[in-house]
**Q** 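Have a look at the structure that comes next, please.
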Amino acid sequence: MHTAFALTLVFVGCCSNVVFLELLVRDSPGCGNIVTFAQFSFIALEGFIFEANFGRKKPAIPFSNYVIMVTMYFAVSVVNNYALNFNISMPLHMIFRSGSLIANIILGIIILKKRYTITKYVSIALVSLGIFICTIMTAKQVASEPSANEGESFYPFLRWLFGIAMLTFALLMSARMGIFQETLYKKYGKHSKEALFYNHCLPLPGFLLLASDIYNHSVLFSQSAPVDVPVIGIKAPVMWLYLSMNVLTQYPLGGKKKCIRWCT
């Protein structure tokens with residue numbers, strides 16, 4: 001029952017989260033940094049109140065380990081969202097990130113010396129084939145886009161290749177972070193809510209490096225068309241509404257993904 005509930009939350013949250021993210025990217029393609037900052041701030045605030053008890057609760061896992069984990073998590077989150085600035089379509093973004101199973105198993109074999117059943121290897125091959133086909137078809141679409149002159153036609157494709165490289169880096173880094181987190185849980189016990197809080201709280205100063213971009217997009221969001229907010233009955237810029245819904249639907253994903261990992 002617990003696993004089924006977690007799966008339902010992830011499925012509903014993920015689908016609605018992607019819808020609002022696509023609405024944001026459609027109207028403001030370079031908004032990845034402000035989206036990441038908003039998600040981190042919301043989860044950090046919630047964790048500071050309910051998990052850290054306003055800073056009075058000491059972490060069960062040594063703080064130094066969280067610094068390592070947070071560095072990886074911050075890099076993965078920023079790179080994943082920033083990749084949307086490089087001609088990466090939302091469907092490809094979703095499908096490419098679903099290859100986390102492949103990265104987890106590959107690094108599990110290399111680092112943890114694990115061995116898996118034939119069924120899992122076949123599953124990896126099928127998922128890899130699907131990602132490969134989607135990537136190739138997207139590459140053809142990007143390469144065939146019209147441009148002003150022949151010299152500029154290759155530039156969008158180069159940007160797309162760089163975006164693919166960013167997604168690949170984030171995929172492998174995320175898998176490495178998962179292995180590191182697994183070893184911590186084996187040593188200190190499972191503290192997923194605590195990890196969720198520190199993973200989102202500690203990276204917040206890093207967003208100072210992105211402050212100008214975040215500010216520029218906040219201004220653009222405030223200038224978007226006002227719409228009526230359901231239930232509340234007030235008007236708000238539509239981009240801020242999309243961002244709020246993206247953050248709210250992102251929240252159940254953080255904890256429930258970890259829940260599923262330990263339930264299955």
Side-chain angles (χ1 to χ4, degrees), residues 10-40 73-104 124-175 210 213-214 216-217 220-221 224-225 238-250 253-254 257:
V10 170
F11 180 77
V12 175
C14 186
C15 291
S16 54
N17 180 261
V18 169
V19 168
F20 288 110
L21 180 59
E22 186 161 10
L23 289 172
L24 286 165
V25 173
R26 183 191 63 186
D27 294 338
S28 182
C31 67
N33 290 330
I34 191 173
V35 171
T36 308
F37 175 68
Q39 293 173 351
F40 273 55
Y73 187 72
F74 179 75
V76 168
S77 299
V78 172
V79 170
N80 261 328
N81 283 338
Y82 200 64
L84 293 169
N85 295 2
F86 292 85
N87 291 346
I88 300 295
S89 65
M90 186 58 65
L92 178 61
H93 192 267
M94 291 175 58
I95 292 173
F96 210 94
R97 291 181 67 178
S98 70
S100 58
L101 174 64
I102 303 169
N104 287 334
I124 291 175
L126 292 175
V127 173
S128 301
L129 179 62
I131 295 175
F132 177 76
I133 293 173
C134 179
T135 304
I136 292 300
M137 295 306 296
T138 306
K140 291 182 179 179
Q141 182 179 359
V142 172
S144 63
E145 289 180 353
S147 58
N149 56 66
E150 188 176 348
E152 295 179 353
S153 62
F154 195 61
Y155 179 68
F157 185 70
L158 285 178
R159 285 179 58 85
W160 178 84
L161 285 177
F162 190 72
I164 291 295
M166 293 175 71
L167 289 178
T168 303
F169 166 80
L171 195 66
L172 294 174
M173 181 62 75
S174 178
L210 310 171
D213 181 72
I214 293 173
N216 291 336
H217 279 89
L220 291 175
F221 280 20
S224 61
V238 65
M239 294 297 286
W240 284 115
L241 179 62
Y242 291 159
L243 181 62
S244 300
M245 295 306 299
N246 176 267
V247 169
L248 291 175
T249 53
Q250 170 73 16
L253 299 181
K257 283 180 181 176

**Q** Any chance you could measure Thr36, atom OG1, to Asn81, atom CG, to the nearest 0.5 Å?
**A** 3.5 Å
**Q** Got a sec, which residues hit side chain to side chain donor-acceptor pair (under 3.5 Å) with Asn33, two or more places apart in sequence or on another chain?
**A** Asp213
**Q** Drop me the distance from Leu24's CG to Leu84's CG, to the nearest 0.5 angstrom.
**A** 10.5 Å
**Q** In Å, rounded to the nearest 0.5 Å, how long is the span from CG of Leu243 to CZ of Phe20?
**A** 11.0 Å
**Q** Quick one: list whatever passes side chain to side chain donor-acceptor pair (under 3.5 Å) with Trp160, sequence neighbours left out.
**A**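 For Trp160, no residue satisfies side chain to side chain donor-acceptor pair (under 3.5 Å) once neighbours in sequence are set aside.
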**Q** Output the distance between atom OG1 (Thr249) and atom CG (Leu21), rounded to the nearest 0.5 Å.
**A** 9.0 Å
**Q** Do Ile102 and Ile131 touch side chain to side chain, with heavy atoms closer than 4.5 Å?
**A**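 Answer yes - side chains close enough.
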**Q** Under the side chain to side chain contact (heavy atoms under 4.5 Å, CB included) test, which residues partner Leu126, sequence neighbours left out?
**A**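 Listed in chain order: Val122.
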**Q** Okay, side chain of Arg159, backbone of Asn85: is any donor-acceptor separation there less than 3.5 Å?
**A** yes
**Q** How would you list, by chain and number, every residue that makes a ring-ring contact (aromatic ring centres under 6.0 Å, His included) with Tyr242, sequence neighbours excluded?
**A** none
**Q** Would you please name every residue forming a side chain to side chain donor-acceptor pair (under 3.5 Å) with Asn246, sequence neighbours left out?
**A**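 Once residues adjacent in sequence are excluded, the partners of Asn246 under the side chain to side chain donor-acceptor pair (under 3.5 Å) criterion are Gln39.
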**Q** Kindly write out the residues that satisfy ring-ring contact (aromatic ring centres under 6.0 Å, His included) with Phe86, not counting sequence neighbours, or none if the list is empty.
**A**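 Phe86: ring-ring contact (aromatic ring centres under 6.0 Å, His included) contacts with Tyr82, Phe162.
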**Q** Checking Asn80 now: which residues fulfil side chain to side chain donor-acceptor pair (under 3.5 Å) with it, not counting sequence neighbours?
**A** none
**Q** How many angstroms lie between atom SG of Cys134 and atom NE2 of His93, to the nearest 0.5 angstrom?
**A**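 Cys134 SG to His93 NE2: 12.5 Å, rounded to 0.5 Å.
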**Q** Working to the nearest 0.5 angstrom, can you tell me the gap between Phe132 CZ and Ile95 CD1?
**A** 14.0 Å
**Q** Show me the side-chain donor-acceptor pairs of residues 163-174 shorter than 3.5 Å, one per line, residues at least two apart or across chains.
**A**
unit_1, atom_1, unit_2, atom_2, d
Thr168, OG1, Ile164, O, 2.8

**Q** Among residues at least two apart in sequence or on other chains, which ones pass side chain to side chain contact (heavy atoms under 4.5 Å, CB included) with Val19?
**A** Leu23
**Q** With sequence neighbours left out, what residues match Ser28 under side chain to side chain contact (heavy atoms under 4.5 Å, CB included)?
**A** Cys31, His217, Phe221, Met239
